[in-house]
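Counting starts at 1 for both ligands and their atoms, in listed order. Model, not experiment: these values are computed from the prediction.
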Amino acid sequence: MKIAVLAGDGIGREIIPQALKALRAVEPRPGAFEFREAPVGGAGLDAAGDALPPATLELAQWADAVLFGAVGDPRYDSLPPGQMPGSAIRRLRKGLNFYANLRPVKLYPELRDASTLKPEVIDGLDLLIVRELSGDVYYGTPRGPVENARGEREVVNTMRYSASEIERIGHVAFQAARGRGRRVCSVDKANVLEVMKLWREVMTEVGQQYPDVQLTHLYVDAAAMNLMRDPRQFDVIVTSNLFGDILSDQASMLTGSIGLLPSASFGQERGALYEPIHGSAPDIAGQDRANPIAAILSAAMMLRHSFRMAAEAERIEAAVGRVLASGIVTADLGAVGGRVVGTEAFGDAVAAVLRAG
Ligand code: NAI
Ligand code: MG
């Protein structure tokens, strides 16, 4: 099992080692996991003058799965967006032809008091955001800045989707729904944007091929409101790159912290990438304060989806719950009470539970 480890920048370098500890604790036999590391993001710029050095992309293409931390480094804030550390994850997704991103939003019962919502509104919360990853404004053609007729700077980003891009992410969502609650809510802005009108049309067509799955549609603004009002109405949410980015950060707070949510990215071909939904968190980097749960759960998703090791994945997920149940939390979850420990100590606690049982 070949695993490319791209920890990246900031807290990526603190949380990925905790995920590796969990993986080593469930490794079926020594050497079964072949880990290889490479720099990416600001670390890539430092090492090779490129946020995504060619050797890093090659390593990701060689691997069966990529375990990714986060990229983003304020030292490089003055670069154009296309060259900034953060561009590495978009180029990597593109380079690997990944178009689907699964973001499970599940509440650990131990954290019901950490949610921004009342416990009675979120108990049992378990939804899945399916975010399209290959299109939208993130990959449109940026133009400018140019000077417009009024003499001001003007910049254009284009939002684009083709029917086939919408169709393939639709199939991912409907198939995922078949393994869950058989409900898909497609989130768009079809009342304003032409692109999103196409989105809704194609989603409806795809839905007709899944008569056993219920399809509903929401505008993104109403979806945001409903996520706060009654998140348990959702089973699978399928949405575009931009809306999925925003709604999943929002949804993370329902579970207690952005430091909790893992994700899996994949396409038609082999290989997949697993990463927390959060970024490099420069505000807390280097302080042993980051929550490693999203990274640890990303490793569990990797075992389940890339290596068919569902039992080991469940063991890791349960071990995180056991540590939380024992009253150990990281600083971001401090509001629930319990003993606040650092990133490293939390990772050690999870690995200890795994080795003990
Ligand atoms: P962020 O997700 O890094 O942080 C947002 C807030 O959440 C911060 O206050 C941070 O301290 C907190 N936070 C995030 N992860 C946490 C964790 N595991 N434990 C505890 N607290 C956590 O987003 P931000 O600050 O907007 O971006 C920082 C950098 O990360 C930027 O350079 C951005 O481009 C990059 N970024 C990279 C992503 C990736 O690598 N996939 C995704 C999102 C942002
Ligand atoms: Mg994001």
Open item on the list: I'd like to know if the side chain of N157 pairs up with that of Y139 as donor and acceptor (distance under 3.5 Å, no hydrogens or angles considered).
Closed with: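 No pair is found: no donor N or O on one side chain lies under 3.5 Å from an acceptor on the other.
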Task: Which atom of V71 lies closest to which atom of A88, heavy atoms considered - done: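 What the structure gives for the nearest pair is CG1-CB, 4.5 Å.
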Open item on the list: Ignoring hydrogens, what is the shortest heavy-atom contact between P85 and D9? Give both atom names and the distance.
Closed with: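 Nearest pair, atom of P85 first, then D9: CB-OD2, 3.7 Å.
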- [ ] Please find out if less than 6.0 Å separates the ring center of Y210 from that of H171.
- [x]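 Centroid separation for Y210 and H171: below 6.0 Å.
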Task: L6 CG to L59 CG distance, which is reported to the nearest 0.5 Å - done: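 These two atoms lie 6.5 Å from each other.
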Task: Distance (rounded to the nearest 0.5 Å) between F243 CZ and D221 CG - done: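 Rounded to the nearest 0.5 Å, the CZ-CG separation comes to 8.5 Å.
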Task: pair F35-R24: side-chain heavy atoms closer than 4.5 Å - done: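 Heavy-atom side-chain distance check passes, below 4.5 Å.
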Open item on the list: If we only look closer than 2.8 Å, how many protein N, O or S atoms does the Mg ion (ligand 2) have near it?
Closed with: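 Excluding waters, the total comes to 1.
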Task: Sequence neighbours excluded, every pair satisfying salt bridge (Lys or Arg N to Asp or Glu O under 4.0 Å) that has a member inside residues 323-332 - done: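 Every candidate salt bridge (Lys or Arg N to Asp or Glu O under 4.0 Å) pair involving residues 323-332 fails, so no pair, neighbours aside, qualifies.
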Open item on the list: Holding to side chain to side chain contact (heavy atoms under 4.5 Å, CB included), I want the full list of residues that pass it with R168, two or more places apart in sequence or in another chain.
Closed with: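 Checked R168 against side chain to side chain contact (heavy atoms under 4.5 Å, CB included); matches are Y99, E132, S134, E165.
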Task: Residue contacts for ligand 1, heavy atom to ligand atom, distance under 4.0 Å - done: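 Only I11, F68, A70, V71, G72, I258, G259, E275, H278, G279, S280, A281, P282, D283, I284, A290, N291, D332 have heavy atoms that fall under 4.0 Å of ligand 1, ordered by chain and number.
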